[in-house]
S.K.: 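The structure under discussion is supplied below as structure tokens; questions concerning it will follow.
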Amino acid sequence: MLLKRNTLINSFKKYIYQEIVKSLNDLDIKRPESEFSLSSPKHDSFGDLSSNISMILAKSLKENPIDIANRIKNNLIEKKIDNIEDITVTPPGFINFVIKATFYQNQIKSIIKYGNSFGKDRIGKGKSANVEFVSANPTGPLTVGHGRNAVIGDTVSNILEWHDYKVTREYYYNDAGKQMRVLAKSVESRYFDLINKPSEFPEDGYQGEYIIDIAKEIIQSFGKNLHKNDSVFLSEAERVIFKQIEDSLKKLNIKFDTFTNEKSFYDSGAIEKLLSELKDKDLIYEKEGATWYRATSIGGKQDKVYIKSTGEPTYRLPDTAYHKDKIIRSYDLIVDVFGADHTDTYPDVLSALNALGLKTDHIKILIYQFVTLIRDGEKVKMSTRKADFVTLDDLLNELGIDIVRYFFIMRSMNSHLDFDLDLAKDQSDKNPIFYLQYAHARICNIIKHGEGQGFKFSDNFDPSILNDENELKLIKLMSNFPIIMHTALETLEPQNIANYLQSLATYFHKFYGTCKVITKNKELTQARLGLIFSTKIILSTGLSILGISAPEKM
RNA sequence: GCCCCGGUAGCUCAGUUGGAUAGAGCACCGGAUUUCUAAUCCGGGGGUCACAGGUUCGAAUCCUGUCCGGGGUACCA
């Protein structure tokens, strides 16, 4: 099938596409090797769908593309294609299709009929997905960067769920490594400070205020007689911090299904087993007291250390065992959400798995770039070690869930994110999230107002009378929702949805400016109620996928 | 040095995976409210898509090189 992926879901496009192919047959033109497009042009003046078929054929046919286009056009016109109002040819050789308004108008009925399932292609039905995100070790409160991770991961999960995937949200952590030892030492040191005993704060210790709070809690619960290296320092620190992390995530309305501890792969012998499997493939060797992974033999740039000369493994080894485990759990799709600092880490993991004969095509790694906070027009400096950072909690307390979630996904994850606190905090029309939510609230208010005037929404209306320019634009945009969702599924990039909803809100507000819904014209009122009702459905569906509320009133 | 991401309006960013005349928001200027919510709408100015080549009917988009910013870089994850 030469059809472009995006267009597959739209059966009407598929139909037109086939009609073009048939015309080629009729005209005795050989179908081109490369695929041709059929997509919405940027400008409405070119119609609703345009194809580049004749430009692609021009070379092999040695014929002017406009002439080819006209031949195809004439053949198509003769055949009288359903739902096509007009076909035009424009330079340099596009064939443009104008779709009948009724085709779009009828979509409103579909939206109302299918509600928040409108446009679902249920591609994930019967399939499972695992989305691993956040995965911060419990060494301190979640930061702004983790926030971006959390919101991307959860929204991606929502996108998958909307397509009927069964999604497991998974949090992976390590409470046994060096980081945690330093954490315990930091708490221990603060503990002895508080009870006026000599202590030594570790060189790379965690300097945040929260460490002192944990030490205070330990004094409360365990008294002042703890000795150095007591395991309580670690266990309490982990317990308290994990509680904090879960609370922060809860405030973002994020709930994990599984927490997986790196330690479990040591306990189960999985790591041992992985090592011996790799050894059998001659991918492991010893050098300078360390154990190395021979990445170079499978196309890697350089060999990597698996076990340090201190006897402690690097992250690669358990990470590979963990991913192997996820593969064995046989998900149809495995998604990892990593920060840009992890860019270099995953290729080794994947290559080791491949070397063991495991398929990794269904593992999708999403890398997001860093977040910079902007306050008063200036970058907020952040140092993790000194705990000189704004936490995710601070952000949530200051801004609330809707704004935080929206700001984290409104930009492409490939781009560095400038999080403008002043804009986010602004409760006025400058803030893009309100623009969106206001559209929804406005619709709710009109519906309410209509009820006060004796109009009740009913699906029994005639959509063909919705012929105002702003009505048609709104209707056409809503018809595009399935394509947007399909793109979001393929790319796993939530900002597509955010951008789409912004345009939808724009088109609605424009409609509102020119068309009054509740009028004395009963038939028109019912039709327009149908229109705004379906707009409300798309808006609230999109917002709920983004994890943002759709207020009835503002 | 090498690898990854980015460079588009004064600022922050989109750009449907190669299409036609480059798009928003903010900021700036001017207008609209006896109205279903003005958290809105309408109009205006503002561009060498970092730069230079290449690929082709056609490039912000793909390839090569250069410059700038961010991240990583072999026993920290």
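Each chain gets a letter, A, B and so on, in the order the sequences are listed, and its residues count up from 1.
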S.K.: I'd like to know if A/N496 reaches the base of B/A14 with its side chain such that a donor and an acceptor end up less than 3.5 angstrom apart.
M.R.: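 Absent.
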S.K.: If you measure from the P atom in B/U12 to the same atom in B/C75, how many Å do you get, rounded?
M.R.: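 Result for the P pair: 36 Å, nearest Å.
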S.K.: Determine the Euclidean distance between corresponding C1' atoms of B/G18 and B/C62; express it in Å to zero decimal places.
M.R.: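 The answer is 8 Å between these two C1' atoms.
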S.K.: For A/Q437 and B/A38, give me the distance from atom CD to atom P, rounded to whole Å.
M.R.: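 Checked: the CD to P distance equals 17 Å.
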S.K.: Considering only heavy atoms, which members of residues 311-323 of chain A lie under 4.0 Å from some atom of RNA chain B?
M.R.: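 A/P313, A/T314, A/Y315, in order of number.
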S.K.: Determine the contact category for A/S50: base if any of its heavy atoms lies under 4.0 Å from a base atom, sugar-phosphate if only primed atoms, P, OP1 or OP2 are that close, otherwise nothing.
M.R.: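 Base contact.
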S.K.: Return yes when atom NZ of A/K308 has more than 12 non-hydrogen atoms of other residues, nucleotides or ligands closer than 6.0 Å, and no otherwise.
M.R.: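 Yes, the 6.0 Å shell around NZ holds more than 12 heavy atoms from other groups.
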S.K.: If the plane angle is over 60° it's perpendicular, under 30° parallel, otherwise tilted; pick one for A/F457 and A/F533.
M.R.: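 A/F457 and A/F533: parallel rings.
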S.K.: Syn or anti for B/U61, please, going by whether the chi angle lies within 90° of 0.
M.R.: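 B/U61: anti.
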S.K.: Answer yes or no on whether A/R442 is positioned over the face of A/F508, meaning its NZ or CZ is under 6.0 Å from the six-membered ring centre and within 45° of the axis.
M.R.: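 So A/R442 doesn't make the cation-pi contact.
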S.K.: Does a side-chain N or O of A/Q302 approach OP1 or OP2 of B/C3 to a distance below 4.0 Å, or not?
M.R.: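 For A/Q302, the contact criterion (side-chain N or O under 4.0 Å from OP1 or OP2 of B/C3) is not met.
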S.K.: Say you pick atom C1' in B/G6 and the same atom in B/G15; how far apart are they, in whole Å?
M.R.: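 One C1' to the other, the span is 15 Å.
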S.K.: Tell me what A/T291 touches on the nucleic acid: a base, only sugar-phosphate, or nothing, going by heavy atoms under 4.0 Å.
M.R.: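 Result for A/T291 = nothing.
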S.K.: Between atom CD in A/Q453 and atom C1' in B/U35, what is the gap in whole Å?
M.R.: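 The answer, rounded to whole Å, is 12 Å.
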S.K.: Answer with base, sugar-phosphate or nothing: what part of the nucleic acid does A/A58 contact at a heavy-atom distance below 4.0 Å?
M.R.: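 Touches nothing.
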S.K.: Which listed nucleotide (B/U35, B/G6, B/G19) is nearest to the side chain of A/P92?
M.R.: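 Nearest to the side chain of A/P92 among the choices is B/G19.
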S.K.: Could you state the atom-to-atom distance from OH of A/Y512 to P of B/C42 in whole Å?
M.R.: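 Atom-to-atom, A/Y512 to B/C42, this comes out as 14 Å.
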S.K.: With respect to the side chain of A/F46, which nucleotide from B/A20, B/C57, B/G15 is positioned closest?
M.R.: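 Looking only at side-chain atoms, A/F46 lies closest to B/A20.
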S.K.: Take A/Q437 and A/Y406 through the side chain to side chain donor-acceptor pair (under 3.5 Å) test and state the conclusion after the steps.
M.R.: CA-CA 11 Å; A/Q437 293 183 314; A/Y406 188 78; over 6 Å; no
S.K.: What is the distance, to the nearest angstrom, from the NE2 atom on A/H146 to the P atom on B/A77?
M.R.: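 In whole Å, B/A77 P and A/H146 NE2 are 15 Å from each other.
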S.K.: Could you please name the partner base of B/C2, counting Watson-Crick and G-U wobble pairs only when both distances are under 3.5 Å?
M.R.: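 By the stated definition (distances under 3.5 Å), B/G72 pairs with B/C2.
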S.K.: Tell me whether A/F370 and B/G70 count as stacked here, given that the ring centres must be under 5.5 Å apart and the planes must differ by less than 30 degrees.
M.R.: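 No, the aromatic ring of A/F370 does not stack with the base.
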S.K.: Classify A/K553 by what it touches in the nucleic acid, base, sugar-phosphate, or nothing, heavy-atom distance under 4.0 Å.
M.R.: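 It contacts base atoms.
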S.K.: Reading RNA chain B from 5' onward, which residue's closest nucleotide shows up sooner: A/G513 or A/D418?
M.R.: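 Mapping each residue to its closest nucleotide by heavy atoms, the 5'-most match is A/D418.
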S.K.: Expressed as a whole number of angstroms, how long is the span from A/F338:CZ to B/G72:P?
M.R.: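 That distance rounds to 16 Å.
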S.K.: How many whole angstroms separate atom CD1 of A/I433 from atom P of B/A24?
M.R.: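 In whole Å, B/A24 P lies 21 Å from A/I433 CD1.
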S.K.: Report the base-pairing partner of B/U64 (Watson-Crick or G-U wobble, both distances below 3.5 angstrom), or none.
M.R.: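 Pairing partner, where one exists within any strand: B/A52.
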S.K.: Determine whether a donor-acceptor pair (one donor, one acceptor, N or O, separation below 3.5 Å) exists between the side chain of A/T345 and the base of B/A77.
M.R.: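 By the distance-only test, no, there is no pair.
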S.K.: Counting the atoms with a prime plus P, OP1 and OP2 as sugar-phosphate, which does A/T506 contact under 4.0 Å by heavy atoms, base, sugar-phosphate, or nothing?
M.R.: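 Here A/T506 touches no strand at all.
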S.K.: Would you mind telling me which residue lines up with the more 5' stretch of RNA chain B, A/H449 or A/T343, judged by nearest nucleotide?
M.R.: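 Here A/T343 is the residue nearer the 5' end.
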S.K.: Contact class for A/E288 vs. all strands (heavy atom < 4.0 Å): base, sugar-phosphate, or nothing?
M.R.: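 Base: the residue A/E288, judged by heavy atoms under 4.0 Å, touches a nucleobase.
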S.K.: Determine the interplanar angle of the A/F242 and A/Y171 rings, folded into 0 to 90°, and report it as parallel if under 30°, tilted if 30 to 60°, perpendicular if over 60°.
M.R.: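 Correct class here is tilted.
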S.K.: May I ask you to evaluate whether A/H440 reaches the phosphate of B/U40, defined as a side-chain N or O under 4.0 Å from OP1 or OP2?
M.R.: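 Result: no.
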S.K.: Return the pairing partner of B/U33 with a 3.5 Å limit on both distances, Watson-Crick or G-U wobble; otherwise return none.
M.R.: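 Its partner: none found.
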S.K.: Look at the side chain of A/V305 and decide which nucleotide, out of B/C75, B/U35, B/U21, has an atom nearest to it.
M.R.: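 Closest nucleotide to the A/V305 side chain: B/C75.
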S.K.: Over all strands shown, is A/N52 touching base, sugar-phosphate only, or nothing at heavy-atom distances under 4.0 angstrom?
M.R.: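 Answer is base: heavy atoms of A/N52 come under 4.0 Å of a base.
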S.K.: Just checking A/K287: does its NZ atom have more than 12 heavy atoms from other residues, nucleotides or ligands closer to it than 6.0 angstrom?
M.R.: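 Yes, the 6.0 Å shell around NZ holds more than 12 heavy atoms from other groups.
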S.K.: What is the minimum heavy-atom distance between A/H416 and A/R148, and which atoms define it?
M.R.: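 So the two residues come closest at C-NH1, 4.3 Å.
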S.K.: Tell me the interatomic distance from A/K304, atom NZ, to B/C2, atom C1', rounded to whole angstroms.
M.R.: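 For the pair A/K304 NZ and B/C2 C1', the rounded distance is 12 Å.
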S.K.: A/L423 has an atom CG; how far is it from atom C1' of B/A39, in whole Å?
M.R.: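 One finds 13 Å between C1' of B/A39 and CG of A/L423, rounded.
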S.K.: Salt-bridged, A/D336 to A/K326, with N to O below 4.0 Å?
M.R.: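 A/K326 and A/D336: salt-bridged.
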S.K.: Sticking with atom C1', work out how far B/A32 lies from B/U16, rounded to a whole angstrom.
M.R.: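 Approximately 34 Å lies between the C1' atom of B/A32 and that of B/U16.
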S.K.: Touch check for A/R442, heavy atoms < 4.0 angstrom, all strands: base, sugar-phosphate only, or nothing?
M.R.: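 Sugar-phosphate only.
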S.K.: Just checking A/N96: base, sugar-phosphate only, or nothing, at a heavy-atom cut-off of under 4.0 Å?
M.R.: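 Base: the residue A/N96, judged by heavy atoms under 4.0 Å, touches a nucleobase.
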S.K.: Name the pairing partner of B/G45, where a pair is Watson-Crick or G-U wobble with both distances under 3.5 Å, or state none.
M.R.: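 B/G45 is unpaired by these criteria.
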S.K.: Looking at B/A20, B/C41, B/A14, which one has an atom nearest to any side-chain atom of A/K42?
M.R.: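 Per side-chain heavy atoms of A/K42, the pick is B/A20.
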S.K.: Would A/C444 and A/K536 count as a side-chain contact (heavy atoms from CB on, under 4.5 Å) if you check the C-alpha gap in whole Å, the side-chain angles of each, and the deciding distance to 0.1 Å?
M.R.: CA-CA 8 Å; A/C444 293; A/K536 179 176 182 291; 3.5 Å; yes
S.K.: Which part of the nucleic acid does A/K510 contact within heavy-atom distance under 4.0 Å: base, sugar-phosphate only, or nothing?
M.R.: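 Since only primed, P, OP1 and OP2 atoms lie under 4.0 Å of A/K510, the category is sugar-phosphate.
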S.K.: Check every strand shown and say whether A/N414 touches a base, only sugar-phosphate, or nothing at a heavy-atom separation below 4.0 Å.
M.R.: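 Touches sugar-phosphate only.
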S.K.: At under 4.0 Å between heavy atoms, what does A/C444 touch on the DNA or RNA strands: base, sugar-phosphate, or nothing?
M.R.: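 Touches nothing.
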S.K.: When you compare the side chain of A/I548 with that of A/L436, does any pair of heavy atoms fall below 4.5 Å?
M.R.: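 SC-SC contact between A/L436 and A/I548 ruled out.
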S.K.: Just N and O in the side chain of A/Y435: are any of them under 4.0 Å from OP1 or OP2 of B/C41?
M.R.: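 Answer is yes, contact under 4.0 Å.
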S.K.: Say you draw a straight line from CZ of A/F434 to CG of A/D402; how long is it, rounded to the nearest 0.5 Å?
M.R.: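 With rounding to 0.5 Å, CZ (A/F434) is 8.5 Å from CG (A/D402).
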S.K.: Would you state whether a donor and an acceptor, one from the side chain of A/S503 and one from the base of B/A24, lie under 3.5 Å apart?
M.R.: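 In this structure, the two groups form no donor-acceptor pair.
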